[in-house]
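One structure is given here, and the rest of the page talks about it.
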Amino acid sequence: MSVREIRVFGDPVLRSKCDEARLDDPALAGLVTDLLDTVQIPGRAGVAAPQIGVGVRAFSYLVENRLGYVLNPRLVETRGELEPIDEGCLSVPDLGFLTPRYPWARVEGIDLDGNRVELEGEGLFAQMLQHECAHLDGRLYIMELDKPTRMRAMEAIRNAPWF
């Protein structure tokens, strides 16, 4: 398939809750291929389906040489105390803010064959799991920021050349 263009802040698909992936959907395998191709651009840790314009619960990841995807993921467990972590997003280009994230996370979902997939990790992998699952619920990371930081983020977005 192909590397797909990333949708940016303001696109309605990014604020919409995604539908469950249906294994009988003939386009699903192509979506997974596109997600895997799109995440392999250097500097990317994860790409959620709505970021490429598709409102389906799916994301791909490439963190610490772990490349994969998950369909219908659910964030089922986090551990530790929320910590401020420098975070950015392909859909909010060139900006980054300290975002509260748990240091460990676990996601459950399925693959294209309907087999159970369980992803868990700490650090950047945990951050990616939380970030990508939020995309599937129509939430961007800037929504997790405290109010003063979110206001600064919104001002920066309004002044960004891509907006």
Side-chain angles (χ1 to χ4, degrees), residues 4 6-21 31-32 34-112 115-154 156-157:
R4 302 271 294 272
I6 299 294
R7 304 292 179 96
V8 296
F9 182 90
D11 190 314
V13 72
L14 296 171
R15 294 295 310 267
S16 302
K17 189 169 182 164
C18 293
D19 296 327
E20 294 286 313
L31 171 63
V32 167
D34 287 355
L35 285 167
L36 290 168
D37 289 348
T38 303
V39 80
Q40 292 182 67
I41 302 295
R44 296 182 175 179
V47 175
Q51 290 183 282
I52 61 171
V54 181
V56 171
R57 293 190 71 80
F59 71 78
S60 60
Y61 59 91
L62 178 55
V63 177
E64 299 159 355
N65 295 318
R66 291 172 66 182
L67 172 67
Y69 72 93
V70 61
L71 305 174
N72 299 330
R74 300 279 182 227
L75 183 64
V76 296
E77 185 179 2
T78 55
R79 292 185 193 155
E81 299 295 322
L82 285 171
E83 301 173 355
I85 303 209
D86 192 27
E87 188 161 328
C89 180
L90 299 171
S91 295
V92 187
D94 306 320
L95 299 175
F97 299 92
L98 290 177
T99 306
R101 294 291 183 197
Y102 291 98
W104 185 92
R106 182 165 58 93
V107 164
E108 293 177 355
I110 58 172
D111 65 14
L112 282 168
N115 298 315
R116 184 172 183 263
V117 172
E118 186 174 334
L119 303 171
E120 64 180 54
E122 58 188 9
L124 181 59
F125 200 79
Q127 181 181 7
M128 176 277 301
L129 292 173
Q130 294 165 79
H131 183 106
E132 301 308 328
C133 283
H135 271 302
L136 304 180
D137 291 328
R139 296 185 58 81
L140 294 168
Y141 85 104
I142 57 175
M143 300 165 97
E144 308 301 326
L145 304 174
D146 61 51
K147 188 173 182 176
T149 307
R150 189 170 53 249
M151 290 174 64
R152 284 196 323 275
M154 292 306 297
I157 289 168

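Only this structure's heavy atoms are used, side chains among them; waters, hydrogens and symmetry mates stay out. This is a predicted model, so every value here is computed, not measured.
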Could you tell me the separation between the [atom1] atom of [X] and the [atom2] atom of [Y], rounded to the nearest 0.5 Å?
| X | Y | atom1 | atom2 | answer |
| --- | --- | --- | --- | --- |
| Leu14 | Phe9 | CG | CZ | 9.0 Å |
| Glu120 | Leu129 | CD | CG | 9.5 Å |
| Tyr141 | Glu132 | OH | CD | 13.0 Å |
| Leu140 | Thr99 | CG | OG1 | 11.0 Å |

For the backbone of [Y] and the side chain of [X], can you confirm whether one donor and one acceptor N or O come within less than 3.5 Å of each other?
| X | Y | result |
| --- | --- | --- |
| Tyr69 | Leu112 | yes |
| Arg106 | Leu75 | no |
| Thr78 | Tyr102 | no |
| Asp146 | Thr149 | yes |

Quiz item: Would you call Glu144-Arg139 a salt bridge at under 4.0 Å N-O?
Solution: yes
Quiz item: Does the pair Arg101/Glu87 count as a salt bridge with the N-to-O cut at 4.0 Å?
Solution: yes
Distance-only check: which donor-acceptor pairs under 3.5 Å involve side-chain atoms of residues 47-56, not counting sequence neighbours?
{"from": "Gln51", "atom 1": "OE1", "to": "Ala48", "atom 2": "N", "distance (Å)": "2.9"}
{"from": "Gln51", "atom 1": "NE2", "to": "Ser91", "atom 2": "OG", "distance (Å)": "3.1"}

Quiz item: side chain to side chain contact (heavy atoms under 4.5 Å, CB included) with Leu71: which of Leu31, Asp111, Val32?
Solution: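 Running side chain to side chain contact (heavy atoms under 4.5 Å, CB included) over Leu31, Asp111, Val32 with Leu71 returns exactly one hit, Val32.
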Quiz item: Under the side chain to side chain donor-acceptor pair (under 3.5 Å) test, which residues partner Glu118, sequence neighbours left out?
Solution: Arg116
Quiz prompt | Check: Cys89 and His131 side chains under 4.5 Å, non-hydrogen atoms | solution = yes
Quiz item: Restricting to pairs with a member in residues 56-65, which pass side-chain hydrogen bond (donor to acceptor under 3.5 Å, both in side chains), not counting sequence neighbours?
Solution: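 Matches after skipping sequence neighbours: Arg57-Asp137.
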